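No experiment lies behind these values; they were computed from the predicted model shown. Atom set for the values below is all heavy atoms of this structure, side chains included, hydrogens, waters and symmetry mates excluded.
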Amino acid sequence: MPPVRKPPRPQITISLIFLAVALAVLWFIQLTGAGQQKPQQVPYSQFLTELRAGHVHSVQIEADRVIAQLKPAAAASQTNNKPSAPQVIVATRLPGISDTALVQEMQARGVTFSGEVERNSLWSSILVGWLPFILLIVLYWWAMSRMSRRGGPMSFGRSRAKIYDRNAVEKVTFDDVAGEDEAEAELAEVVSFLKKPAKYRALGARIPRGVLLVGPPGTGKTLLARAVAGEADVPFFSLSGSEFVEMFVGVGAARMRDLFEQAKQRAPCIIFIDELDAIGRARGGVGALATHDEREQTLNQLLVEMDGFIPGQAVIIMAATNRPEVLDPALLRPGRFDRQVVVDRPTVDGRLAILRVHVRRIKLGPDVNLDAVARRTVGMVGADLANVVNEAALAAGRRGGSMVEQRDFEEAIDRIQLGLQKRGQVLTPEEKRRVAYHEGGHALVALSVEHANPVHRVTIIPRSIGALGVTLQFPEHDRYLVTRGELLDQMCVMLGGRAAEEIVLNDISTGAHNDLERATDTARQMVTRFGMTDALGPVTYGTRNDGRFLQLPGTETRNFSDETARAIDDAVRQIIDSQHERARSILHERHTVLDHIADELLEKETLDRAELEALVRAAGFDVRQPDVPSHADVLPGVAAGNE
């Protein structure tokens with residue numbers, strides 16, 4: 001359901017400021033008489049001298065002064081004989097002297113004279129002296145009042161939450177969410193609380209105050225929160241944790257108070273705070289060395305507001321984070337965030353359901369197999385799958401197709417996982433041959449060992465991620481456990497590329513660096529984490545830090561001796577050496593198949609699973625399919641090997 005639109009926030013634009021400055025400048029020019037000659041103040045006696053000498057052209061008599069304009073010849077004599085405009089002199093009238101004699105004298109000498117009676121002098125002085133300042137004050141007050149009403153700088157303490165009203169035309173419901181059945185079941189109870197709060201109060205049950213959605217980025221936490229609001233048909237306040245904190249101290253706490261005041265007035269409703277870790281980080285540990293008073297005040301206000309709900313008031317606060325380990329324990333205690341709902345990466349069936357939701361808006365070809373797409377997108381979340389569908393539609397548009405076909409999905413997945421093809425990157429014949437044997441070694445070992453994930457495709461086309469070639473392996477089913485034999489087979493496949501270079505080319509290259517890193521990490525995990533070696537036994541070595549005082553989260557603390565560390569290194573080296581020798585023996589035995597695969601890659605650049613199996617069987621060997629296709633999240637099998 002789309003948010004209720006608010007009027008646009010007014011701004012003091014450059015044109016408005018320029019207008020105010022221009023008015024002030026024009027008024028100042030008018031007051032100072034720019035462009036006019038400045039009168040010269042002279043004694044009254046000098047004025048009489050000039051008048052009797054015949055130098056005065058005209059006279060203006062005012063209440064307290066006399067303004068005389070001299071003739072050009074007289075003005076030039078007073079300015080060092082330089083031609084100029086007629087000079088004006090001003091003399092102060094003497095008090096108590098009648099103007100009759102002066103008038104008679106001016107008549108006798110043919111001087112033009114006039115008089116001016118000043119009226120409303122008080123209002124004139126106010127208008128002339130204070131109007132620019134009054135104008136600027138009114139303009140400033142008008143601009144600030146409008147900005148204050150609509151969220152400007154005078155409203156720092158007001159909440160900036162977006163409100164999705166229950167009367168919106170389009171609502172998000174559980175029908176728009178797929179792939180998270182367990183999370184939906186948990187949140188369905190929250191919907192029931194909001195729809196029928198009296199039912200639970202009659203039983204003496206307390207409505208949950210907070211629901212925390214935990215999961216990786218892109219799994220649909222915000223979408224689930226909006227679906228809860230849509231199903232319950234209640235207002236939905238949505239904002240990010242970073243929107244509370246500003247440069248001014250106390251703003252975050254004020255916005256938190258204002259948010260909860262608005263929510264209480266529109267109860268029953270839902271408050272959703274995305275990225276809760278922006279304001280809810282733990283106040284101890286490493287963070288205690290560099291505290292942030294504004295963030296802590298905001299967190300304290302949130303804790304107070306969650307405790308201060310009126311009993312029976314149906315206001316539920318939902319929050320989302322992908323870093324629950326950094327949250328303050330006070331947020332997670334019962335009575336605040338009572339429930340924690342895990343929104344995890346979807347399974348194969350979940351990915352298939354998500355794809356079906358996203359392909360509603362595109363035109364699919366008859367050959368599209370969404371089940372195959374779901375199996376190829378291991379580890380992807382809802383946002384990734386939406387991107388796959390969009391990239392497939394773009395690929396169909398680039399080739400000028402009228403429908404999105406299966407090849408478009410294949411291109412989209414390759415583009416997301418491996419990057420763009422770099423056909424402009426020209427390899428020398430020797431480099432291309434080495435890459436072909438390297439990737440052929442990965443593929444042939446994967447087709448020979450028992451527990452390797454099935455090979456989907458092998459290519460020697462360079463990709464923008466830096467790989468000169470890739471062997472793609474994907475599991476056929478989701479797996480959540482990995483056996484020792486499966487880990488050993490995976491390491492054997494990783495080392496197959498380097499073994500092929502040694503056997504055929506009698507030399508090694510830097511292309512196997514990523515394979516060696518992954519194989520070494522897997523072997524060390526087997527020794528130190530999984531207890532899969534006889535020499536060291538079922539013991540875990542090293543402890544992971546959780547970010548407590550003076551600890552960096554994610555690091556590891558050593559809890560074993562130097563002798564044990566040497567034994568760990570020896571065990572890791574033994575595992576790597578054994579699997580490397582195993583890969584060499586497989587390739588020695590099937591050397592002719594390796595040559596055929598390399599020759600086909602040099603000719604076609606890409607081979608799929610059916611073509612690889614045909615080459616193996618044509619040489620008289622069997623393809624040892626895994627008895628149980630394996631996969632584990634701890635060891636994702638995206639690219640089995642790349643050079």
Say whether, by atom type as modelled, one donor and one acceptor occur between the side chain of [X] and the main chain of [Y] under 3.5 angstrom.
{"X": "Glu486", "Y": "Thr483", "result": "yes"}
{"X": "Arg351", "Y": "Thr377", "result": "yes"}
{"X": "Tyr541", "Y": "Gly531", "result": "no"}
{"X": "Gln490", "Y": "Ala452", "result": "no"}
{"X": "Asp176", "Y": "Thr173", "result": "yes"}
{"X": "Asn559", "Y": "Gly542", "result": "yes"}
{"X": "Gln473", "Y": "Asn453", "result": "yes"}
{"X": "Arg209", "Y": "Arg336", "result": "no"}

So, for [X] and [Y], which heavy atoms are closest and what is the spacing to 0.1 Å?
{"X": "Pro216", "Y": "Val343", "value": "CD-O, 3.4 Å"}
{"X": "Glu275", "Y": "Ser240", "value": "CB-OG, 4.2 Å"}
{"X": "Ala320", "Y": "Asp274", "value": "CB-OD1, 3.7 Å"}
{"X": "Pro268", "Y": "Val234", "value": "O-CB, 3.4 Å"}
{"X": "Val404", "Y": "Ala393", "value": "CG2-CA, 3.9 Å"}
{"X": "Phe272", "Y": "Ala225", "value": "CD1-CB, 3.5 Å"}

Could you tell me the separation between the [atom1] atom of [X] and the [atom2] atom of [Y], rounded to the nearest 0.5 Å?
{"X": "Ser192", "Y": "Glu231", "atom1": "OG", "atom2": "CD", "answer": "12.0 Å"}
{"X": "Met256", "Y": "Ile271", "atom1": "CE", "atom2": "CD1", "answer": "8.5 Å"}
{"X": "Leu331", "Y": "Leu303", "atom1": "CG", "atom2": "CG", "answer": "5.0 Å"}
{"X": "Met526", "Y": "Arg524", "atom1": "CE", "atom2": "CZ", "answer": "13.0 Å"}
{"X": "Leu276", "Y": "Asn322", "atom1": "CG", "atom2": "CG", "answer": "11.0 Å"}
{"X": "Thr522", "Y": "Gln579", "atom1": "OG1", "atom2": "CD", "answer": "11.0 Å"}

Does a side-chain heavy-atom distance below 4.5 Å link [X] with [Y]?
{"X": "Pro346", "Y": "Ile354", "answer": "yes"}
{"X": "Thr528", "Y": "Leu536", "answer": "no"}
{"X": "Val458", "Y": "Leu612", "answer": "yes"}
{"X": "Asn390", "Y": "Leu394", "answer": "yes"}
{"X": "Met491", "Y": "Arg518", "answer": "no"}
{"X": "Leu212", "Y": "Leu327", "answer": "yes"}
{"X": "Arg281", "Y": "Asp328", "answer": "no"}
{"X": "Val342", "Y": "Leu213", "answer": "no"}

Take Glu296 and Asn300 through the side chain to side chain donor-acceptor pair (under 3.5 Å) test and state the conclusion after the steps. CA-CA 6 Å; Glu296 290 194 1; Asn300 293 336; 5.4 Å; no

For Phe530 and Val482, run side chain to side chain contact (heavy atoms under 4.5 Å, CB included): C-alpha distance rounded to whole Å, both residues' side-chain angles, the deciding distance at 0.1 Å, then the answer. CA-CA 10 Å; Phe530 308 140; Val482 185; over 6 Å; no

Would you tell me whether Asp277 and Thr321 have side-chain atoms, one donor and one acceptor, within less than 3.5 Å of each other? yes

Say whether Glu305 and Gln301, considering side chains only, have a donor N or O and an acceptor N or O under 3.5 Å apart. yes

Sidechain N-carboxylate O distance under 4.0 Å for Arg415, Asp408: no

Is the shortest side-chain N to carboxylate O distance from Arg457 to Glu410 below 4.0 Å? yes

Give the intermediate values and the outcome of salt bridge (Lys or Arg N to Asp or Glu O under 4.0 Å) for residues Arg398 and Glu411. CA-CA 11 Å; Arg398 283 194 297 269; Glu411 181 182 345; 3.4 Å; yes

With sequence neighbours left out, which residue pairs that include part of residues 356-374 fulfil the side chain to side chain donor-acceptor pair (under 3.5 Å) condition? Asp371-Arg375

Any residue meeting salt bridge (charged side-chain N to carboxylate O under 4.0 Å, His left out) with Asp338, in chain and number order, not counting sequence neighbours: Arg206

Salt bridge (Lys or Arg N to Asp or Glu O under 4.0 Å) for Asp414 and Arg407? Distances and angles first, verdict last. CA-CA 11 Å; Asp414 290 345; Arg407 56 178 172 172; over 6 Å; no

Any chance you could lay out the side chain to side chain contact (heavy atoms under 4.5 Å, CB included) test for Met306 and Phe337, step after step, and finish with the verdict? CA-CA 9 Å; Met306 294 188 72; Phe337 282 102; 4.0 Å; yes

Could you tell me which residues satisfy side-chain hydrogen bond (donor to acceptor under 3.5 Å, both in side chains) with Glu189, sequence neighbours excluded, listed by chain and number? Arg339

Could you walk me through whether Ile270 and Leu194 pass the side chain to side chain contact (heavy atoms under 4.5 Å, CB included) check? CA-CA 9 Å; Ile270 293 176; Leu194 290 170; 3.6 Å; yes

Side chain to side chain contact (heavy atoms under 4.5 Å, CB included) with Lys221: which of Leu224, Thr219, Leu223? Thr219

Could you check whether the rings of His456 and Phe474 sit parallel, tilted or perpendicular, using 30° and 60° as the cut-offs? perpendicular

Tell me, with the steps shown, if Val368 and Leu370 meet side chain to side chain contact (heavy atoms under 4.5 Å, CB included). CA-CA 6 Å; Val368 173; Leu370 292 180; 3.9 Å; yes

